[in-house]
There are 2 protein chains.
Amino acid sequence: MLAKKTQYALKALTYMAEQHSAGPFLIADIGSKKKIPIKFLESILLELKKAGILNSKKGKGGGYFFNQDPSTIQLATIMRLIEGPIALLPCVSLHFYKKCNDCNEKKCGLNKIMKEVRDNTLSILENRTVQDLV
Amino acid sequence: MLAKKTQYALKALTYMAEQHSAGPFLIADIGSKKKIPIKFLESILLELKKAGILNSKKGKGGGYFFNQDPSTIQLATIMRLIEGPIALLPCVSLHFYKKCNDCNEKKCGLNKIMKEVRDNTLSILENRTVQDLV
DNA sequence: CTTTATCCTTCAATTTCAATAGGAAAATAT
DNA sequence: ATATTTTCCTATTGAAATTGAAGGATAAAG
Ligand code: FES
Ligand code: FES
């Protein structure tokens with residue numbers, strides 16, 4: 001199960017992508033519509049901004065908006081950014097790999113099956129974008 | 001990423017299934033071979049026993065052994081038992097479902113995509129057994 | 001120069017995770 | 001009987017992560 005933080009991030013992005021306008025969107029609005037604690041959401045959006053996904057404007061008329069077209073933002077990118085690894089085991093992770101010191105990857109059946117799961121999952125999450133959420 | 005506990009459970013079962021003998025296997029042996037802290041492993045195996053996956057015998061010559069044929073134990077069963085939900089969101093979980101109070105499932109794109117991920121994952125984890133790990 | 005809204009740091013509560021301690025109970029061997 | 005082996009059970013610990021709040025700094029607009 002994804003951490004609440006990741007769920008919130010995905011929900012917030014979904015909300016933003018669903019709107020007809022391009023923003024900017026207020027933290028407070030997103031939070032109240034998607035039932036996300038404001039202060040928690042604040043830190044999440046800031047993180048997405050620092051990663052280049054979002055941009056923001058301060059002051060009246062300000063808020064958050066997309067820094068890239070939603071159709072270019074893979075869901076896998078968001079999840080790796082907020083959640084970390086997508087794979088179920090360290091030894092099958094592409095971006096967060098860590099060797100198993102207690103078994104031989106070449107012969108390990110667990111490794112093989114978990115790689116299969118990973119490839120299946122990535123084939124979805126790397127081919128769907130924030131735009132596909134609307 | 002799976003919790004360490006779940007990883008340990010899967011590794012222990014893999015180890016047991018890999019052996020030519022049917023056991024019983026000592027906690028201490030499994031633990032030292034798969035680099036799992038003994039006391040932690042102890043509680044994991046006990047949990048698997050209480051769930052009917054394993055059985056055990058005390059005293060000299062005792063240890064843990066399979067209570068059902070490894071080819072009948074789905075990996076999904078182990079993971080749900082130790083880890084909990086396999087799905088990425090509560091609203092797409094089959095065994096641990098919880099409604100989203102902030103969006104309409106029928107129209108929710110996030111829900112739809114995460115269901116796709118779930119189905120893909122389950123098609124693997126429900127069709128592979130502990131026997132397939134060897 | 002007031003209002004609005006993000007930015008940033010710090011912190012606190014809670015929960016979860018990982019692991020250990022220590023003994024009780026059961027089975028076997030001597 | 002008694003000692004040894006091994007699982008069973010409860011309790012507890014310590015560390016880390018998660019979730020979230022407080023409060024002020026900064027920037028922009030009116
Ligand atoms: S190589 Fe990682 S579980 Fe075997
Ligand atoms: S219904 Fe669960 S995320 Fe939309």
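No experiment lies behind these values; they were computed from the predicted model shown. Chain letters run A, B, ... following the sequence lines, proteins first, then strands; residues in each count from 1.
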Spacing of B/L48 atom CG relative to D/dC8 atom P, expressed in whole Å:
11 Å
With a 3.5 Å distance limit and no angle check, can you tell me whether A/S93 reaches the backbone of A/P90 through a side-chain donor-acceptor pair?
no
Are the charged groups of A/K50 and A/E47 less than 4.0 angstrom apart, N to O?
no
Can you check the B/F40 CZ to C/dT16 P distance for me, whole Å?
15 Å
Could you tell me the separation between the CD1 atom of B/I36 and the C1' atom of C/dA18, rounded to a whole number of Å?
13 Å
note: B/K4, atom NZ; C/dT20, atom P; distance rounded to Å ~ 11 Å
B/I38 CD1 - D/dT6 C1' separation (whole Å):
12 Å
The side chain of A/L46 lies closest to which of these nucleotides: C/dA26, C/dC7, D/dT19?
C/dC7
What's the closest nucleotide to the side chain of A/L26 if the choices are C/dA25, C/dT4, C/dT6?
C/dT6
First of A/T6 and B/N55 reached from the 5' end of DNA chain D, by closest nucleotide
B/N55
Starting the side chain at C-beta, find the nucleotide from D/dT5, C/dT4, C/dA19 nearest to B/P37.
C/dA19
Euclidean distance, atom CE of residue B/M1 to atom P of D/dA17 [Å, nearest integer]:
13 Å
In whole angstrom, give the distance that lies between atom CD of A/E42 and atom P of C/dA5.
13 Å
In whole angstrom, give the distance that lies between atom CG of A/L41 and atom P of C/dC8.
16 Å
Polar pair under 3.5 Å, donor/acceptor by atom type, side chain A/K39, base D/dG23:
yes
Between B/R128 (side chain) and A/I113 (backbone), is there a donor-acceptor pair under 3.5 Å?
no
Is the distance from OP1 or OP2 of C/dC7 to the nearest side-chain N or O of A/S56 less than 4.0 Å?
yes
Selected nucleotide, minimal atom distance to B/Y64 side chain, candidates C/dC8, D/dC8, C/dT20
D/dC8
Check whether any side-chain heavy atom of A/I38 sits under 4.5 Å from a side-chain heavy atom of A/I27, and report yes or no.
yes
Phosphate OP1/OP2 of C/dA19 contacted by B/Y8 side-chain N/O (<4.0 Å):
yes
C/dC8 OP1/OP2 closer than 4.0 Å to side-chain N/O of A/K50
yes
Of all the choices, D/dC8, D/dT5, D/dA21, which nucleotide is nearest to the side chain of B/K49 once you look at every atom?
D/dC8
Where the side chain of A/K57 is concerned, which of D/dA28, C/dC7, C/dA25 is the nearest nucleotide?
D/dA28
State whether the side chain of B/Q131 and the backbone N or O of B/A17 hold a donor-acceptor pair below 3.5 Å, judged by distance alone.
no
